[in-house]
Colleague: 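Have a look at this one.
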Amino acid sequence: MAVLLSGLHSGPNPSPGVGTARSLRAAYPDLPLVGVDYSLGSSGLHWPEFDDVWVAPPWSDLDLEAFADDIAGRVADGSVWLSGLDLETIWLASNGVATGQVLIPSVAALRSVKKPAAAVADALGLGAPLSLPLSAPATDLAAFGRTRGWKVWLKGPFYEAQRVASWSHLLIVRDQMKAVWGSDDLHLQAHVAGHEESVTFAAYQGVLLGTCAMTKVAATGEGKTWAGTASEVDPDLLARVTQFVADTGWTGGAEIEMVRDPAGRLWLLEVNPRFPAWIHGATLAGRNLPAALVAAGLGWDLPEQRELAAANQFSRVVVEVPVRNGFRLPARPEPSAPTSGAGGGSKHPSGMTDLARLLERGLTPSEWARPQGTAVTETAAATVPVTADDHLVGAALMSFRTPATTETPQPVLLEEVALARLGRLAPQLAALGGPVSVRAAYSIKTNPDLRLLALARANGFLAEAISQLEAKSALDVGYAENEVVLNGPGKWWPSPATSGPVRAVFCDSMTELSALTKRLEGGEAVASVVGVRLRPPGIKSRFGVPVTPWASFLDLSEGLRQLPSEVEVGLHFHAAQSFIGVDRWWASFEAGLRCAVALEQASGRPIVCFDVGGGWYPEEWDSILIPRLEELTTRVAKALPNCRELIIEPGKALVQPVVAVFTTVLDVHDEGDSVDVVVDAAIAELPDAGSHPHRVFRRGDGASGWLPMGPGRDRVLGRSCMEHDVLSSSVSLPADVAVGEVWAVADAGAYDQSMAYRFARGGS
Amino acid sequence: MSTLTTTGDDRDVQLASVLELVRWHPISDPVDHGSACCTTARQWLSALHAGAVPTTPLTGLGWIADMYPWGPTQWPISWCKLVEQDKLDCGAQAAVAREVLRATGSALLGVQLLIRASATDIAHWGSTWRDGGVAPTWLFEQLYYHEAVGLVDGSLVVFDPTRNWKVPPDGRMEDGSVAAIRITGGDAATVIWGRHELLVGEWVLLAG
Ligand SMILES: Cc1ncc(COP(=O)(O)O)c(C=O)c1O
Ligand SMILES: [Zn+2]
């Protein structure tokens with residue numbers, strides 16, 4: 001008779017086997033303990049408290065049926081098995097291996113804690129962070145990340161979570177996780193800022209045997225516990241855990257991982273169907289849960305539970321132990337060998353990545369379907385801003401004669417979409433009223449197409465230029481000089497395009513401000529409003545004038561004070577919402593505005609104009625900024641009583657959806673589980689392809705018109721010879737795709753246009 | 001932290017005499033010149049705070065000690081001088097926290113603490129202060145005086161801007177333990193802090 005413990009690795013991302021063994025040894029000095037793992041790379045094999053170890057072959061080599069029989073044989077003498085590996089638990093449960101002797105939850109109980117475990121969160125009275133399955137449309141996934149300033153995680157159903165920092169990073173991590181775990185069943189989850197806490201419990205056939213709460217005090221780089229404080233579980237949560245254990249008939253150890261936000265609310269991160277690696281920390285605090293579980297499994301009396309010890313904190317230390325007698329460390333793979341999978345120095349010495357693949361193949365999706373997750377998923381989808389003018393783009397494409405292959409790749413301006421997006425703004429701004437008038441300035445750099453510039457002018461926009469060449473374009477389409485706003489570090493380049501005063505100039509540095517002051521003092525009528533671009537506190541940027549430390553703030557205030565009295569003073573900030581997210585944008589706006597208030601006071605110069613820049617993404621512009629414009633204006637009016645004009649400088653918010661690039665399919669390759677299509681457009685025509693998803697439209701049959709392709713894992717590749725020339729890697733291509741078809745890559749109206757370059761086209 | 005060597009009895013006698021010394025010591029409050037210089041300084045501090053994206057009133061204050069690490073401050077000090085400093089002491093840091101949170105309408109209280117620390121730590125801080133040209137009047141034998149801010153949200157939360165953390169009601173800190181606390185300001189006569197009911201305006205001794 002023995003207790004078999006699997007999952008022994010004790011490294012930076014440890015399994016619980018060693019801690020479980022130490023706890024059992026503390027309660028039962030003579031209980032035989034057998035450690036089980038799947039490679040010699042599992043360091044805990046050498047832990048001296050194991051009486052014996054069983055190193056099974058790697059999962060990829062195992063004959064699973066024979067292994068199941070082996071386990072049954074080993075526990076036939078009344079021994080029990082405690083699994084310390086999530087995936088092993090799933091395999092054991094779904095194959096009914098040695099039921100009764102193996103102290104793990106049932107398949108149904110395991111299914112309930114599959115991530116994202118929204119129903120469990122509900123049952124436990126915990127918040128469930130919003131999540132979105134990776135099978136959602138690319139535009140929704142990108143919006144989910146972008147609105148949160150990419151404070152999001154990509155997670156697997158049972159393993160691994162990685163922060164993703166941008167759309168292109170998401171695609172990379174998605175592919176890496178697929179390569180390591182072999183699964184597409186991933187989801188994005190919103191990050192919850194706070195302190196991590198856990199509750200671990202032991203249960204036997206639906207009866208809770210014991211619990212312990214733990215607050216992480218120190219963690220490894222991967223976020224694994226290094227030190228913690230153990231405590232009693234809060235009574236309300238305890239009642240819910242008791243109910244959950246009863247409802248699921250739980251057997252085995254478990255860990256509920258949570259994060260407590262600054263307001264004190266607990267959010268569920270995940271429920272693991274095994275003891276945590278820090279389980280011995282609970283034992284040190286007087287809660288020996290492994291002993292309680294083993295006693296229940298063997299029908300022994302429960303060991304006496306001490307009350308929580310006063311010294312309830314624990315820390316890990318690094319300890320060298322001798323390699324077990326008769327064993328050797330694994331041979332080192334040659335330096336070029338991959339380091340994933342089982343083997344020496346591996347990140348996954350228990351072979352979990354191999355087992356994941358086996359399970360992926362062996363378990364039908366329906367068996368592990370996620371009925372509980374849908375509610376949260378729907379809520380998450382509802383929080384994703386809708387894709388800008390989807391139907392309009394499809395309809396606008398109808399008005400084009402599908403170009404011949406010889407005429408592609410060809411960008412086309414979707415005039416109906418442009419009219420709709422630019423045209424709807426003027427009445428929205430006019431409706432605002434109040435003492436501050438709101439003006440939009442078209443960001444010329446974003447797309448300098450003169451047709452768009454003229455349309456902007458016709459719809460009451462000002463023009464925002466970052467060079468004299470851009471200013472000249474504005475004048476060329478009929479803008480008056482006092483309708484031009486000059487921004488950026490190189491706004492005077494290459495040579496003067498205007499003679500009369502422009503509406504506003506925002507200097508990018510103190511040097512530029514003094515040079516401009518000299519010109520104004522010399523009688524040059526450069527602009528009616530002069531000021532600087534602020535670098536608001538909390539924003540890292542190469543642009544603008546810093547307002548910290550205090551000495552820099554005083555310099556700036558002095559610079560504004562010295563501006564000749566004929567000019568009025570304005571201030572500007574720009575922080576790209578598409579990059580920093582919505583909350584941070586609003587915080588930067590508030591910080592910039594308060595700087596303006598302080599500068600008005602310090603310089604004695606009334607601030608008559610406040611410019612909040614551009615950088616909004618189309619979806620968030622439509623669904624967040626426009627509905628909150630009134631709030632924005634009211635806030636400016638209240639903070640800056642002398643302010644007459646609030647300027648916003650949308651670029652991509654308006655024009656990103658107004659251009660599509662027609663392109664012809666050149667080649668189709670079947671890549672096994674996905675299809676690659678090569679088209680004649682490339683990163684040269686779509687240089688911004690990597691930064692945000694571009695919808696790909698295809699002409700449907702008959703009346704159905706142009707429709708965007710659905711989400712999937714097929715790829716649309718550019719014609720060039722660059723590895724990164726990937727136009728999309730998240731579409732589902734139609735089964736009948738054929739060489740010679742013409743498609744339209746949409747959402748190409750912003751920097752794709754202004755930054756397009758000549759590449760792979762031969763001599764000019 | 002080095003080991004405390006004083007016996008329990010000595011500690012009580014010492015605490016009593018220090019309480020006599022700090023009894024009349026108000027919370028640190030910078031002077032306002034009543035003109036643009038100080039108004040601007042306070043507006044500027046509130047701009048810095050706005051950039052920090054607070055999610056609750058007491059979070060997002062980490063920028064204070066980031067911008068003004070803990071160090072000697074020569075008192076009295078005006079707001080327009082305070083913002084010029086490279087370092088600020090705990091009283092000045094707490095004053096900045098109260099100032100930037102005032103606008104949120106939260107009822108903020110002054111918090112004064114006497115914290116037990118080792119003789120070696122105290123000797124070390126004393127020489128840092130003297131090197132900075134400021135008399136270390138906040139240091140006593142194995143005790144030091146500290147300021148924080150309090151927010152009543154049902155019960156009292158004590159936030160320490162110097163370390164960007166909450167002081168737990170059991171008074172156990174990384175480098176010592178709270179021996180006594182005094183809350184000032186607000187309308188209530190008492191506030192609940194963990195299992196303590198604190199009389200506002202009075203020094204309250206904590207066991208341990
Ligand atoms: C000052 C300023 N205004 C407006 C814009 C327009 O940005 P977007 O096209 O992202 O809206 C930019 C872009 O960098 C900018 O720097
Ligand atoms: Zn002053």
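Labels below follow one simple rule: chain letters A, B, ... track the order of the sequence lines, proteins then strands, and each chain is numbered from 1.
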Colleague: What I'd like to find out is whether the side chain of Phe553(A) reaches to under 4.5 Å of the side chain of Thr40(B), using heavy atoms alone.
Modeller: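 Sidechains of Thr40(B) and Phe553(A): in contact.
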
Colleague: Counting only heavy atoms closer than 4.5 Å, note whether Ala602(A) contacts chain B via side chain, backbone, both or neither.
Modeller: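 For Ala602(A), the contact with chain B is made by backbone and side chain together.
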
Colleague: For Asp131(B), does the CG atom have more than 12 heavy-atom neighbours from other residues, nucleotides or ligands under 6.0 Å away?
Modeller: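 Result for CG/Asp131(B): enclosed.
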
Colleague: Would you find more than 12 non-hydrogen atoms of other residues, nucleotides or ligands less than 6.0 Å from Asp187(B) atom CG?
Modeller: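 No, because the 6.0 Å sphere around CG of Asp187(B) holds 12 heavy atoms or fewer from other groups.
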
Colleague: For the side chain to side chain contact (heavy atoms under 4.5 Å, CB included) test, which of Arg594(A), Glu600(A), Gln601(A) pairs with Gln43(B)?
Modeller: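 For Gln43(B), the side chain to side chain contact (heavy atoms under 4.5 Å, CB included) check succeeds only for Gln601(A).
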
Colleague: Under a 4.5 Å cutoff for heavy-atom pairs, which residue among Ala598(A), Ala551(A), Ser588(A), Ser557(A) has the most contacts with chain B?
Modeller: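 Maximum pair count with chain B is reached by Ala598(A).
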
Colleague: Is it the case that more than 12 heavy atoms not belonging to His25(B) sit under 6.0 Å from its NE2 atom?
Modeller: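 Result for NE2/His25(B): enclosed.
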
Colleague: Which bit of Pro536(A) comes within less than 4.5 Å of chain B, counting heavy atoms only: side chain, backbone, both or neither?
Modeller: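 No part of Pro536(A) comes within 4.5 Å of chain B.
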
Colleague: Taking all non-hydrogen atoms of both residues into account, name the closest pair between Gly51(B) and Arg584(A) and its distance.
Modeller: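 Of all heavy-atom pairs spanning Gly51(B) and Arg584(A), the closest is O-NH1, 4.0 Å.
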
Colleague: Please check if the number of heavy atoms outside His191(A) that lie under 6.0 Å from its NE2 is greater than 12.
Modeller: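 It does: His191(A) NE2 has more than 12 such atoms within range.
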
Colleague: Report the option among Pro537(A), Gly538(A), Pro549(A) that has the most heavy-atom pairs separated by less than 4.5 Å from atoms of chain B.
Modeller: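 Answer, by heavy-atom pair count under 4.5 Å with chain B: Pro537(A).
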
Colleague: Looking only at non-hydrogen atoms, find the nearest pair between Glu590(A) and Ala50(B) and report the distance.
Modeller: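 The answer is CG-CB, 3.8 Å.
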
Colleague: Evaluate whether atom CG of Asp170(B) has more than 12 neighbouring non-hydrogen atoms of other residues, nucleotides or ligands under 6.0 angstrom away.
Modeller: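 Correct, the count exceeds 12.
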
Colleague: Could you check whether the rings of Trp550(A) and Trp44(B) sit parallel, tilted or perpendicular, using 30° and 60° as the cut-offs?
Modeller: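 Taking Trp44(B) first and then Trp550(A), their aromatic rings stand perpendicular (interplane angle over 60°).
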
Colleague: Considering only heavy atoms and a distance below 4.5 Å, find which of Thr548(A), Asp261(A), Asp583(A) pairs most often with chain B.
Modeller: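 That would be Thr548(A).
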
Colleague: Are more than 12 heavy atoms from other residues, nucleotides or ligands located less than 6.0 Å from atom CZ of Phe543(A)?
Modeller: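 Yes, because the 6.0 Å sphere around CZ of Phe543(A) holds more than 12 heavy atoms from other groups.
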
Colleague: Nearest heavy-atom pair of Ala47(B) and Cys595(A): which atoms, and what distance?
Modeller: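 That closest heavy-atom pairing would be CB-N, 3.6 Å.
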
